[in-house]
K.L.:
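Can you read through this structure? Questions will come right after.
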Amino acid sequence: MVEWLRDNPTVLALVRVLVFVVPILLLVPGFIWWERRLLSWMQDRIGPNRTGTFTIRGRKIRTFGLLQPIADGVKLFLKEDVTPNTVDRVLYFLAPMVALFPAFALGGTLPFAPWLHESPGEAGMWAMWTPIANVDIGILYVMAISSLGVYGVVLAGYASNNKYSLLGGLRSSAQLISYELAMGVSLAAIVMASGSLKMTEMVRTQESALWGAFPWIQNWFLFTPFGLVAGLIFLICMVAETNRAPFDLPEAENEIIAGYHTEYSSMKFAVFFMGEYAAMFVFGGVFATVFLGGYNLLPVNWAACAESIPSMAGFFDFMGKLNYYGAPAWFLLKCFAGITFYIWLRATLPRLRYDQLMSLGWKTLLPLAVANFIVVAIWIMGNAAYPPFGGLVAAGAAAILVVLLYLNLMALQKKGTTSLEKRQVALVDPAPARRSVTMVEPGRRS
Amino acid sequence: MSDLSFMPSTETIFERKGENTMVVNMGPQHPSTHGVLRVVCELDGETIVQAKCQIGYLHTGMEKEAEYQQYHKCVVMTDRMDYLNANGNNLAHALAVEKLLGCEIPRRGSYLRVILAELSRIASHCVWLGTHALDLGAMTPFFYIMQQREMILDLFEMFSGVRMMPSWIVPGGLRGDMPDGFELRLRDFLREFPKELDVVETMLVENPIWMERTQNIGILTAQETLELGCSGPIARASGVAWDLRKSNPYSCYEEFDFQIPVGAMGDVYDRFLVRLAEMKESVKIITQAIDGLPEGPYNTEDRKIAPPPRAEIDSSMESLIHHFKLYTEGYHPPVGEAYAGIEGSKGELGFYIISDGSNKPYRWHERPSSFMNLKSLEVLAEGRLIADLIAIIGSIDIVLGEIDR
């Protein structure tokens, strides 16, 4: 079977697509359930906990509400599909598809298991399945396709012929230009550090020794100073990218009444919904791949550990095998952590105003990302000249300089603008100033 | 199908100021207009060129209906005006009628009224805090603070059996004394509530996004608040230290030790802080009231106004007659007019009643605090973004039941 697939690459490609898409489609209801449950726990309520409990031969089978999203899906599917007669029909039908497609197109480039076996160049057992497409321009492709998702929102807003939807679409495009740049530059720093655009190569780079000095620990980019900065910027930008709270401006139901999908009902709405969750999942995956060491369970080089401590080689060997064979599960776990982070944010933060998001993107995130980019460049040069610590020293010096520059610029910009402050109200105790209303008879009123 | 498409005739509402502007009809069905307020906005992009409030979607004609009801039957209509601060409305109405009747309430009655009114204020502010935060996208405070409101409604239920509209404060006193076990539950609440409020405060007060969304938005100067007739937390946030509980004490408020919070900037954030501080002051007042609750009757001794105790009816013919007359005919205040204002949760809340000597009011009018405060919305919204409009509506804290009556 496996050999036959190997001989028929076209069939294999189709199977690979199925292997990727079907789990996502199956997992999305699970994510919706998890979001509702976790949000409920955070908000001190219960949430959906009993849909799907049924009795077979007197035995209760509980699913803890896991079937709730399925029931919702069935409900949405059976609902009347209302299309207002003033919409632009072609775009109106196209928009949900455009919104759903990027998430899946992006996911295809994510390596969810080791591409290579332990010895370099030898293809491992997972090589046949992952990634769906090992795109050479990997991260550029991610940037390009993820921006397409906004088209779905803008088209939906435009096609709906509804003023609120239009505002939602406009907000979405305003949002796009404000975070996309910072996101690109923060990723560019990582590209420079790893020396490749390929996602698979990025993970390989992260499997090397930490800071080039500690062979036992993997060099996950989140552990490097520049990677931490880039990671935080990317994290904020990816929330904006997926239209999630606190950046859910295009669909702010309290302001513009669900924004771009106000006029959508039935399955078309469900498609938007599914696209949002799929995007959350996939962006969790992108973050895991680029910053969190991809499919590795722990940031530990088990082989190097086994070499250093031979007495425990058996254990390290076992862990290495666990890491290798369970790779998709670890990857899924990280995506899951990403989604949990999204939900946590939603429970905690109020929504930003769209001009505030723009100023956050342009004035804070972009300069930070650019500064980070410069620091990485210096780090790489320093490392090439004086390995392994020369880079760190040079980058540290550069970072201090850049931070000082940034602070000064900010101070300059803050002049004349009102800043945020924590205030307190004064408690006063005014003396009574008695008013009195006199009683008069109606007859005596003039 | 042009006859079916919605074309709001904005010409009757305002003249367009801009050239390429869009008129957006916000409400009456909108999640953040707190009921059925309709705000017609002229938008330039997302900037509001002008906004006009259209009200009347919840008009129930209660003021007119009251003219056909005996005084003690008007009480149930007062709860339904500002349904979040029902006890406050009851109290204002009772004070006005008592002023007409010239009747004095025993101190125990006044203290119990204070407890109920302040609990109502906290409940009202809880709803405001929850919905205001929800409007600005912070979901969680809503669930936390609404739980506390439920505790207050439980207390009302203990009193009257009704959660939202107790109608417990009536002219002449209260419908009944404090029930057994109420004090214990009340003290539990007073102990727990400040902690829960602190939880919500930590989520919002120093939250940078919250500060960014509320600070320097919707600024109303002290002069403007006076000109627009705003009162309550809005006026106090702008620096007007005006609180009827202090300036014109009623119902024994002068016996309590409390302070009134006053803001400096008059923006949305200040209104938020003022209301938070007010809740804490209310807790202080209730604690003092329950600690120093006097013994004695809770109703006026005048049997023509307040019904006799149930036990007395069994033994005294006179009491039976009083009871019968009170619930069939009511009482006849002397000819005259009276206005009594209280510090409601949203501002000065007053009842103006004209009596022609019959058992029904000749004219029964409420000074609705939300209605007066709502006028500031049009001033504040101009030149701001839609998102700010939502924040401003939330900070004004309107109840449409009171505005439309």
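Note that the structure is predicted; figures quoted are calculated from it, not measured.
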K.L.:
Between B/R275 and B/E278, is there a salt bridge with N-O shorter than 4.0 Å?
P.N.:
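Here B/E278 does not pair with B/R275 in a salt bridge, since their nearest N and O are not under 4.0 Å apart.
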K.L.:
Report which part of A/L39 has an atom under 4.5 Å of a heavy atom belonging to chain B: side chain, backbone, both, or neither.
P.N.:
side chain
K.L.:
What part of B/L43 gets within 4.5 angstrom of chain A, counting heavy atoms only: side chain, backbone, both, or neither?
P.N.:
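Just the side chain, heavy atoms under 4.5 Å.
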K.L.:
Quick check on B/L385 against chain A: is it the side chain, the backbone, both or neither that has a heavy atom closer than 4.5 Å?
P.N.:
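The side chain, not the backbone.
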K.L.:
Please state whether the side chain, the backbone, both or neither of B/A277 comes within less than 4.5 Å of a heavy atom of chain A.
P.N.:
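Just its side chain gets close to chain A.
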K.L.:
Is it true that B/D243 and B/R236 make a salt bridge, defined as a side-chain N closer than 4.0 Å to a carboxylate O?
P.N.:
yes
K.L.:
Of the backbone (N, CA, C, O) and the side chain (C-beta and beyond), which part of B/I390 lies under 4.5 Å from a heavy atom of chain A, both, or neither?
P.N.:
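Side chain only.
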K.L.:
Non-hydrogen atoms of chain B under 4.5 Å away: do they reach the side chain of A/R353, the backbone, both or neither?
P.N.:
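It is both, since atoms from each part get that close.
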K.L.:
B/E281, B/M203, B/M265: which one forms the most heavy-atom pairs within less than 4.5 Å of chain A?
P.N.:
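Max contact count across the listed options: B/M265.
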K.L.:
Tell me, side chain or backbone of B/F258 under 4.5 Å from chain A's heavy atoms, or both, or neither?
P.N.:
backbone
K.L.:
Parallel under 30°, tilted from 30 to 60°, perpendicular over 60°: which one fits the rings of A/W34 and A/W41?
P.N.:
perpendicular
K.L.:
Given heavy-atom pairs under 4.5 angstrom as the criterion, report whether the side chain, backbone, both or neither of B/M211 touches chain A.
P.N.:
both
K.L.:
Please look at B/N207 and chain A and tell me whether the side chain, the backbone, both or neither of the residue comes under 4.5 angstrom of a heavy atom of that chain.
P.N.:
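Side chain only.
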